[in-house]
Amino acid sequence: MDNTDILVSGGGIAGPALAHWLRRHGFNPTVVERAPGPRPGGQAVDLRGAARTVVERMGLTERVRALCVDQRGVALVDRRGRRTARIPVELFEGEGIVSEVEILRGDLADVLREATDGVEYLWDDTVTALAEDADGVTVTFENAPARRFALVVGADGLHSAVRRLAFEAPDGPSNSNSNGNSDGSHYHPLGGYHAWFTVHDPALARDLDSWFLMYNAPGGLVAGARPGRLPGEVKASLGFRSAPLTYDRRDSAALKRLLADRFAGAGWEVDRLLAGMRTAEDFAFDSFGQIRLDHYSRGRVVLLGDAGYSPSPLTGLGTSLALVGAYLLAGELAAADGDFRTAFARYEELMRPYVARAQELPPGGLSGYAPDSALMIRLRAASMRWMSRRPLRNLLAAQFTKADAIDLPDYPLPARTAAA
């Protein structure tokens, strides 16, 4: 491939990780991101299994660990705040519900972006059209002038613009996710919604005692609070089961009202979380869903991370898929000497079994995460207590090792970048 220019759409986790590896293999990546700049903070994400190996091969383990959030494990609480069950980090050798390596999404994105020194970023922009021919792809942007690239990678998340442009027929079936923003027929909703935001509440942060606390209320309501990295910072989440809703995910004020109505009087510390939500600057809302595709590429366009195979937050494996996928895609492009058809086929061959395992929902799926009755809530707490005992412990250990269910190839790096 004489033209080494590759456009990567998405500046979160998958995009910068791919840009890092592409540059080390001698390609010339450009990253375009809808946000006006790097997004700070965010919720905690975990590094598990093969994803840790990728970070090690990037030479970033020490930097990531320095930014880790101190979390002792996950505990369920009742309406009065009494802890009814807990799983410490050590129980499954650092691979349980809360991982040994937990880092805020924004911090991880910063670390990855810092590792892409020299890569061009187009902020506050997005792809609006793709025109492919025998020699490359002409990309039209919302703001920047149109440009030519050899390949285009959609690493732009669950609501991927690249996936919509390249993989969805203009008049074909779609799944709008009831939000007015079509995510196409490849989006599969799981029957619920969730929001996450930062609350500044030193007293609540102290009460957490470095634990991720989760509270269930009848009606399929879930509230979570976990420590942030900064003093007095609480990373909050609210989730609920629901039939499809009509909403605009960009209308934060309306979505905050929706949550305030749903969770009014729910108990525990929910009122404090709702109060903090009203002024939260990093509020985000989305549905629980997965992306399932027959193929990860079409012509010169390929998908990476949530854009191509989102497993949903219920699995805790989205970050692992993004980092492993980035490593494999760049490595296969280099191994195939730019023959993108061979590289894309090999990338999919390696990733698809890993994705299939990662997309397996935990026992009970969304109903297990958000039980709808007082009885089922008690059973959830009981099952968590049983997790530390055989045989359930052995069964769950297999669930928690899915992040390591892939053998990563070793891709040689060009001599001039091998020490980069």
Side-chain angles (χ1 to χ4, degrees), residues 41-46 68-92 94 96-105 192 194-241 259-260 262-277 280 282-284 313-314 316 362 364 366 368-372 374 376-388 396 400:
Q43 294 292 300
V45 297
D46 43 41
C68 277
V69 179
D70 179 22
Q71 294 192 67
R72 298 169 59 187
V74 60
L76 296 181
V77 296
D78 65 13
R79 187 180 183 88
R80 297 180 182 179
R82 295 173 299 190
R83 302 187 185 188
T84 59
R86 65 181 70 194
I87 298 180
V89 168
E90 307 82 31
L91 183 58
F92 292 97
I97 295 175
V98 170
S99 168
E100 176 194 1
V101 182
E102 297 271 345
I103 181 172
L104 299 184
R105 184 185 183 280
H194 60 129
W196 54 101
F197 49 92
T198 301
V199 173
H200 298 280
D201 188 327
L204 179 56
R206 286 193 301 271
D207 291 344
L208 296 179
D209 192 27
S210 297
W211 283 84
F212 174 17
L213 301 184
M214 295 184 66
Y215 169 65
N216 291 105
L221 303 180
V222 187
R226 61 199 309 177
R229 183 168 56 83
L230 301 178
E233 190 177 67
V234 175
K235 297 297 180 177
S237 59
L238 298 172
F240 60 95
R241 291 164 63 181
L259 288 164
R262 287 260 177 173
F263 282 84
W268 184 51
E269 300 289 359
V270 171
D271 285 347
R272 291 171 73 174
L273 299 183
L274 292 174
M277 177 189 70
D282 61 345
F283 175 84
L314 292 176
L366 190 61
Y369 165 77
D372 60 2
M376 296 307 295
I377 290 171
R378 290 195 296 271
L379 287 175
R380 185 190 187 203
S383 68
M384 183 176 282
R385 291 192 294 270
W386 296 334
M387 285 182 185
S388 62
L396 287 169
F400 293 137

- Item | Distance-minimising heavy-atom pair for Ala374 and Pro218 | N-CG, 4.4 Å
- For residues Trp268 and Ala225, report the shortest heavy-atom separation together with the two atoms involved. CH2-CB, 3.9 Å
- Note on the structure: In this structure, CZ of Phe197 is separated from CG of Leu273 (nearest 0.5 Å) by 5.5 Å
- Message: Are Thr84 and Arg378 packed together at the side-chain level, in the sense that at least one heavy-atom pair is separated by less than 4.5 angstrom?
- Response: no
- Task: Please report the C-alpha distance between Lys235 and Gln71 in whole Å, then the side-chain angles of each, then the deciding distance to 0.1 Å, and finally whether the side-chain contact (heavy atoms from CB on, under 4.5 Å) criterion is met.
- Result: CA-CA 12 Å; Lys235 297 297 180 177; Gln71 294 192 67; over 6 Å; no
- Task: To the nearest 0.5 Å, tell me how far Leu366 CG sits from Arg241 CZ.
- Result: 6.0 Å
- Task: Quick one: closest heavy-atom pair of Val222 and Ala370, and the distance?
- Result: CG2-CB, 3.4 Å
- For the side chain of Tyr369 and the backbone of Gly239, is there at least one donor-acceptor N/O pair under 3.5 Å apart? no
- Query: Is the backbone of Val89 close enough, under 3.5 Å, to the side chain of Arg72 for a donor and an acceptor to pair up by distance?
  - Reply: no
- Query: Between Pro227 and Val69, what is the shortest heavy-atom contact and its length?
  - Reply: O-CG1, 3.2 Å
- Message: Rounded to the nearest 0.5 Å, what separates atom CD in Glu102 from atom CZ in Phe212?
- Response: 8.5 Å
- Item | Residue pair Glu269 / Leu204: nearest heavy atoms and the distance that separates them | CG-CD1, 4.0 Å
- Message: Distance check, rounded to the nearest 0.5 Å: Leu104 atom CG versus Asp282 atom CG?
- Response: 10.0 Å
- Query: Which atoms form the tightest heavy-atom contact between Pro371 and Asn216, and what is the distance?
  - Reply: CD-ND2, 3.5 Å
- Message: Using 30° and 60° as the class boundaries, would you call the ring planes of Phe240 and Phe263 parallel, tilted or perpendicular?
- Response: perpendicular
- Query: Would you say Val45 and Ile103 make side-chain contact, with heavy atoms under 4.5 Å?
  - Reply: yes
- Query: Under a 4.5 Å cut-off applied to non-hydrogen side-chain atoms, are Phe283 and Leu259 in contact?
  - Reply: yes
- Side chains of Leu76 and Ile377: closer than 4.5 Å at any heavy-atom pair? no
- Message: Is any side-chain heavy atom of Asp207 closer than 4.5 Å to one of Arg272?
- Response: yes
- Query: Would you call Met214 and Met384 a side-chain contact if the rule is heavy atoms closer than 4.5 Å?
  - Reply: no
- Nearest-0.5 Å distance, CZ of residue Arg83 to CG of residue Asp78: 11.5 Å
- Separation of Arg229 CZ from Cys68 SG (nearest 0.5 Å): 10.5 Å
